[in-house]
Amino acid sequence: MPKAQELADPDSPGSAADRLLAWYDRSRRRLPWRSDPGECADPYHVWLSEIMLQQTTVATVGPYFQRFLEKWPTVEALAAAPLDDVLHAWAGLGYYARARNLHKCARTVASSHNGVFPDTEDALLTLPGIGRYTAAAVAAIAFGRRAVVVDGNVERVMARLFRVGEPLPDSKPALTALADKCTPTARAGDYAQAVMDVGATICTPKRPKCTICPIVDLCAGRDIAETLPARKPKPQKPTRRGVAFWIVRPDGAVLFRRRTESGLLGGMMEPPSSDWVADAEPETAPPVETIDQTPLVGTVRHTFTHFHLELAIHHCRVEGDTEAPQDARWVMPDRFGDLALPTVMKKIVRHAMKAG
DNA sequence: AAGACGGGGTT
DNA sequence: AACCCAGTCTT
C-alpha cells in the first residue's frame with residue numbers, strides 16, 4: 001500500500017486530486033443544487049441539499065429539493081414556516097429528525113446569524129443537524145475553504161485507492177487521515193464533489209467501473225475493489241407486530257393522530273395503532289369506542305433501520321358524534337394529501353382504501 | 001462506544 | 001425477499 005507520506009502534493013500537477021478535478025471538469029453532472037462552473041454556490045442551497053442527501057440518493061432528493069426551494073426560497077422563509085409544513089414537505093424522505101433539525105437550524109441562522117450561514121467548519125458544526133461531514137461539505141462547496149469531506153463515497157474511494165483491509169467502522173480514522181492527505185487547498189469544493197461523484201458513478205459499491213476511472217493507475221486496491229471497504233457484520237433485524245386501526249365515521253372521516261415529537265417517525269401523522277411488539281401478541285383495542293371492528297385481509301409490511309414491522313389493519317366504525325382523542329383528529333379522504341404521512345403510513349392508507 | 005433513526009436500489 | 005447503503009444525535 002502506498003504510504004500516505006509518499007503521496008504527491010495534492011496541489012501539484014499529476015496528483016490524484018489534480019486528476020480528479022480534471023475528470024470533474026470534463027464530466028461534471030448537472031444537479032439542481034450545483035452552481036454553474038465558475039459561479040458561487042448559494043450556501044442555503046448547498047446546506048439544504050447536503051442535509052437531504054444524508055442517507056439518501058441523488059434521484060430521490062431532486063424533486064424534494066425543487067419543491068422546498070419553490071416554497072421557501074430563502075433560509076428566512078424556511079425559518080418562518082410552521083414545523084408541520086416542513087414535515088409535510090419532507091414526508092417520504094425518511095429520517096424525520098433531519099427535517100426537525102433542518103427547521104431548527106433555519107431558525108437559528110435567521111435569528112442568531114442575521115440569516116447568513118456561518119462560513120467556517122467550526123461555526124457550522126454548532127448548528128442543529130450539521131455534523132462533521134456536512135460542516136466540511138458546506139465550508140468547502142459554499143465557501144471554498146479547504147476541508148476534509150468524508151462521506152460513504154469518500155470512504156470507499158480511499159479504502160480502494162490505499163487498499164485498506166481493516167473493516168469499517170474501525171478504519172474510519174485511517175480513511176479520514178488518507179482523505180486529508182489527498183485534499184488540495186485550491187478548488188476545495190470542486191474537489192470534494194469530484195471524489196464523491198467518482199464514488200457515486202465509477203467507484204461504486206458493486207461492479208466498480210475501474211476501466212473508466214481517472215485514477216485507476218494510482219489505485220492499490222483495483223484488483224480487489226469490489227471487496228472494499230470491508231465492514232463488520234451487522235446484527236439481523238427482529239420483527240415487530242402491531243395492529244393499525246382504520247377508524248371511520250359515518251360521514252367518511254378517518255381518525256389520524258400525531259406521533260410524539262421525538263423518536264421513530266417523530267411528529268409525523270398516522271392512523272392510530274397498538275404498540276409494536278417483538279415477542280408478544282399486539283393489543284387489539286382501538287383508542288375510541290367502536291360500533292364494529294373487522295380485520296382486513298392481508299398485512300402491511302415495512303422495514304425500518306433496525307426492525308421489520310408487520311401490521312394487521314382493523315377497519316372500525318364509530319358513531320357520528322365520536323370525539324377525537326388528544327393529539328388525534330378526523331380527516332376527510334380528500335384531505336389526506338395535507339397530512340405529513342411517512343411511507344409506512346401511506347401503505348396503511350392504501351391498504352385500507354383498497355379493502356374498504 | 002453503541003444504538004436509534006427511513007427509504008430506495010440491487011440482486 | 002434478502003441484502004446493501006450510511007450522517008447525526010442520543011444515551
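Side chains included, hydrogens not; waters and symmetry mates left out as well; all remaining heavy atoms used. In what follows, chains carry the letters A, B, and so on, assigned in the order in which the sequence lines appear, proteins first and then strands, with residues in each chain numbered from 1.
For Glu283(A), the CD atom is loosely surrounded, since the number of other residues' heavy atoms within 6.0 Å does not exceed 12. Counted within 6.0 Å of CG on Asn114(A), heavy atoms from surrounding residues, nucleotides or ligands total 12 or fewer; the atom is thus considered open.
Among the protein residues, Thr60(A) comes within range of the sugar-phosphate backbone only, with heavy atoms under 4.0 Å from sugar or phosphate atoms but none that close to a base. Among the atoms of the strands shown, only primed sugar atoms or phosphate atoms (P, OP1, OP2) are found under 4.0 Å from some heavy atom of Tyr133(A). Arg132(A) comes within 4.0 angstrom of the backbone, heavy atoms only, and of no base. Among the heavy atoms of the strands, none lies under 4.0 Å from Leu53(A). Using a 4.0 Å heavy-atom cutoff across all strands shown, Arg301(A) reaches no nucleic acid atom at all.
With Tyr191(A) as the aromatic partner, Arg187(A) does not meet the cation-pi criteria of under 6.0 angstrom to the ring centre and within 45 degrees of the ring axis. For the pair Arg259(A) and Trp276(A), the cation-pi test (distance below 6.0 Å, angle within 45°) is passed.
No donor-acceptor pair closer than 3.5 Å links the side chain of Arg257(A) to the backbone N or O of Glu270(A). A donor-acceptor pair under 3.5 Å is absent between the side-chain atoms of His45(A) and the main chain of Leu69(A), judged by distance alone.
Here chain A contacts DNA chain B (any atom closer than 4.0 Å to a heavy atom, that is under 4.0 Å), and the contacts span dA4(B) to dT11(B) from 5' to 3'. Along DNA chain C, read 5' to 3', the first and last nucleotides having any atom under 4.0 Å from a heavy atom of chain A are dC5(C) to dC9(C).
dT11(C) and dG6(B) have their P atoms separated by 15 Å, with the value rounded to a whole Å. Straight-line distance between the C1' atoms of dC5(C) and dC5(B): roughly 14 Å, to the nearest whole Å. Taking atom P in both dT11(B) and dA6(C), one finds a spacing of 15 Å when rounded to whole Å.
Comparing Arg207(A) and Gln55(A) by the nucleotide of DNA chain B that holds the closest heavy atom to each, the one mapping nearer the 5' end is Gln55(A). For the pair Gln54(A) and Lys206(A), nearest-nucleotide mapping onto DNA chain C gives the more 5' position to Lys206(A).
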Verdict with reasoning, Glu121(A) to Arg145(A), per salt bridge (charged side-chain N to carboxylate O under 4.0 Å, His left out): CA-CA 9 Å; Glu121(A) 243 184 298; Arg145(A) 292 184 181 274; over 6 Å; no

Test side chain to side chain contact (heavy atoms under 4.5 Å, CB included) on Leu309(A) and Lys347(A); report intermediate values, then the result. CA-CA 12 Å; Leu309(A) 178 63; Lys347(A) 288 184 188 175; over 6 Å; no

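Of the residues in residues 256-265 of chain A, Gly263(A), Leu264(A), Leu265(A) come within less than 4.0 Å of DNA chain B through at least one heavy atom, sorted by number.
Between Trp90(A) and Tyr64(A), the ring center distance fails the sub-6.0 Å criterion. For Phe336(A) and Phe256(A), the gap between ring centers is short of 6.0 Å. Between Phe307(A) and Phe304(A), the distance from one ring center to the other falls under 6.0 angstrom.
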